[in-house]
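Reading through the structure tokens given below for one structure.
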Amino acid sequence: MASPVHLIGAAGRMGAALCHVLRERGETVVPVVRHPDRLPPDLREQARQADLENADTLMAALADAQRVVSTAHARFIPAILTASPDNSCLVAIGSTRKFTRWPDWHGNGVLAGERALMESGRPGMILHPTMIYGPQGENNVQRLVALLRYLPLVPLPNGGRSLIQPIYQDDVIRSIVTALDLARSGHLTAPEALVIAGPEPMTYRALVEAILAAAGLGTRLFLPVPAAILEFLVPLAKKLPGFPSIERAEVRRLLEDKAFSIQPMQDRLGFTPLPLKDGLAHLFRQPTEASPLPAGIRP
């Protein structure tokens with residue numbers, strides 16, 4: 001019988017959806033969370049309380065762990081490695097933010113987490129997703145829809161020509177589960193880092209057009225605007241009631257191409273991610289339902 005999966009972050013972002021998928025597969029899940037009382041009742045019995053910034057509680061929670069999954073920020077990977085047994089396997093979520101030309105705490109933390117895993121020599125995988133969209137917690141598309149409802153014109157730096165490659169939340173979960181399967185079958189014996197992304201890059205303008213169509217918002221006019229002007233307007237936009245929060249760094253990152261080959265992902269994980277059109281159709285058809293078990297990863 002496979003060892004339990006100690007799931008760090010089971011109460012946040014995609015952790016609940018991942019927990020659901022693992023349990024549907026017959027896995028025993030041990031949620032490692034700061035507040036077990038916030039979990040659904042059926043998860044509390046197995047849960048262990050831990051603070052990722054408290055070494056003692058984390059070590060106690062992971063003392064017998066053999067398979068650890070972390071959906072927390074990658075900056076916590078060094079602490080997780082220190083707290084867990086030397087022979088345990090770790091599957092963690094990173095981010096393609098590590099490639100940004102404008103380093104920040106987020107990207108630097110991802111780099112530090114990856115470096116710690118690679119230097120540990122321990123079997124494991126850090127998965128670096130592009131922009132994640134989906135129904136549970138990953139609300140990048142929902143935030144954009146909220147913004148588009150305000151805008152008759154869509155201002156885009158660089159005319160929206162920069163590239164992006166969104167990945168559907170189910171495919172991120174499928175990647176995590178596949179990495180666990182590789183570890184269990186003895187095909188993950190050393191630390192690895194892998195970019196996971198949607199099937200093909202597209203321009204930001206094409207992404208916005210696809211979201212407008214899927215959300216039934218009609219069409220918009222697009223206005224090429226220098227990024228410096230948009231950055232200047234960000235503090236003013238924050239003062240508008242109900243207007244979605246946008247940071248200047250988000251505007252700057254709109255100038256970066258985020259395009260990656262998915263061949264390494266396909267070769268290592270054995271599946272092709274969902275096209276954006278299909279992901280958006282599912283998202284807007286089931287905006288409030290739990291993410292179902294992704295096809296191809298049932299027991």
Side-chain angles (χ1 to χ4, degrees), residues 13-14 17 95-97 100 106 128-175 195-227 229-231 233-234 237-238 240-260 262 272-292 294:
R13 296 181 68 84
M14 74 173 63
S95 170
T96 51
R97 183 80 65 84
T100 184
H106 185 111
H128 296 297
T130 51
M131 186 192 89
I132 305 171
Y133 68 103
Q136 287 187 279
E138 303 300 337
N139 64 345
N140 290 296
V141 167
Q142 292 90 326
R143 289 178 63 216
L144 186 52
V145 168
L147 180 62
L148 290 170
R149 294 186 191 279
Y150 276 86
L151 300 176
L153 295 173
V154 181
L156 287 175
N158 194 30
R161 292 189 295 271
S162 299
L163 298 176
I164 191 169
Q165 200 166 340
I167 182 169
Y168 193 55
Q169 179 178 321
D170 283 3
D171 285 329
V172 178
I173 293 173
R174 187 174 182 178
S175 299
V195 169
I196 55 174
E200 59 184 6
M202 64 190 66
T203 65
Y204 275 96
R205 174 167 177 161
L207 171 64
V208 173
E209 289 174 334
I211 292 172
L212 285 168
L217 295 180
T219 60
R220 296 290 189 277
L221 296 176
F222 291 88
L223 180 67
V225 178
I229 293 179
L230 287 180
E231 286 188 53
L233 293 175
V234 162
K238 289 183 177 181
L240 297 176
F243 200 84
S245 175
I246 303 172
E247 301 297 330
R248 284 176 170 171
E250 292 181 86
V251 174
R252 288 196 297 268
R253 288 194 294 273
L254 290 175
L255 299 173
E256 294 184 305
D257 283 336
K258 306 176 188 71
F260 304 90
I262 63 166
T272 299
L274 196 68
L276 178 73
K277 181 179 179 181
D278 295 336
L280 290 177
H282 180 76
L283 175 61
F284 287 102
R285 185 174 63 248
Q286 298 175 319
T288 60
E289 295 181 11
S291 180

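- Remark: Thr203 engages no residue in a side-chain hydrogen bond (donor to acceptor under 3.5 Å, both in side chains) (not counting sequence neighbours).
- In plain terms, the two heavy atoms of Gln169 and Ala17 that are nearest each other are NE2-CB, 3.6 Å.
- Within the model, atoms CG of Leu151 and CZ of Arg220 stand 7.5 Å from one another, a figure rounded to the nearest 0.5 Å.
- Applying the side chain to side chain contact (heavy atoms under 4.5 Å, CB included) criterion to Ser175, with sequence neighbours excluded, gives Leu127, Ile196, Met265, Leu269, Phe271.
- Residues satisfying the ring pair (Phe, Tyr, Trp, His ring centres under 6.0 Å) test with Phe260, not counting sequence neighbours, are Phe99.
- In this structure, Met14 and Ile132 have side chains that are in contact, with non-hydrogen atoms separated by less than 4.5 Å.
- Side-chain contact between Asp170 and Leu274 is absent, with no heavy-atom pair separated by less than 4.5 Å.
- The stretch residues 273-283 participates, sequence neighbours left out, in no salt bridge (Lys or Arg N to Asp or Glu O under 4.0 Å) pair at all.
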Quick one: do Thr96 and Gln165 satisfy side-chain contact (heavy atoms from CB on, under 4.5 Å)? Show the steps, please.
CA-CA 11 Å; Thr96 51; Gln165 200 166 340; over 6 Å; no
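- Not counting sequence neighbours, the partners of Ser162 by the side-chain hydrogen bond (donor to acceptor under 3.5 Å, both in side chains) test are Asn158.
- Nearest heavy atom pair, residue Pro155 against residue Val225, reads CB-CG2, 3.7 Å.
- Nearest heavy atoms, Pro273 versus Ile262: CD-CD1, 3.8 Å.
- Taking the six-membered ring where tryptophan is involved, the planes of Tyr168 and Tyr133 are tilted, since the angle between them lies from 30° to 60°.
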Give every donor-acceptor pair under 3.5 Å between a side-chain atom in residues 211-219 and any protein atom, sequence neighbours left out.
none

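- The salt bridge (charged side-chain N to carboxylate O under 4.0 Å, His left out) test applied to Glu209 returns Arg205, not counting sequence neighbours.
- With rounding to the nearest 0.5 Å, the separation of OG1 in Thr100 from NZ in Lys258 is 7.5 Å.
- A side-chain contact (heavy atoms from CB on, under 4.5 Å) with Leu207 holds for exactly one of Leu280, Leu163, Leu276; it is Leu276.
- Looking at Met202 and Ile164, their side chains come closer than 4.5 Å, going by heavy atoms from C-beta outward.
- Taking the side chain as every heavy atom from C-beta outward, Leu144 and Leu148 approach each other to under 4.5 Å.
- In terms of modelled atom types and a separation under 3.5 Å, the side chain of Gln142 and the main chain of Gly134 share a donor-acceptor contact.
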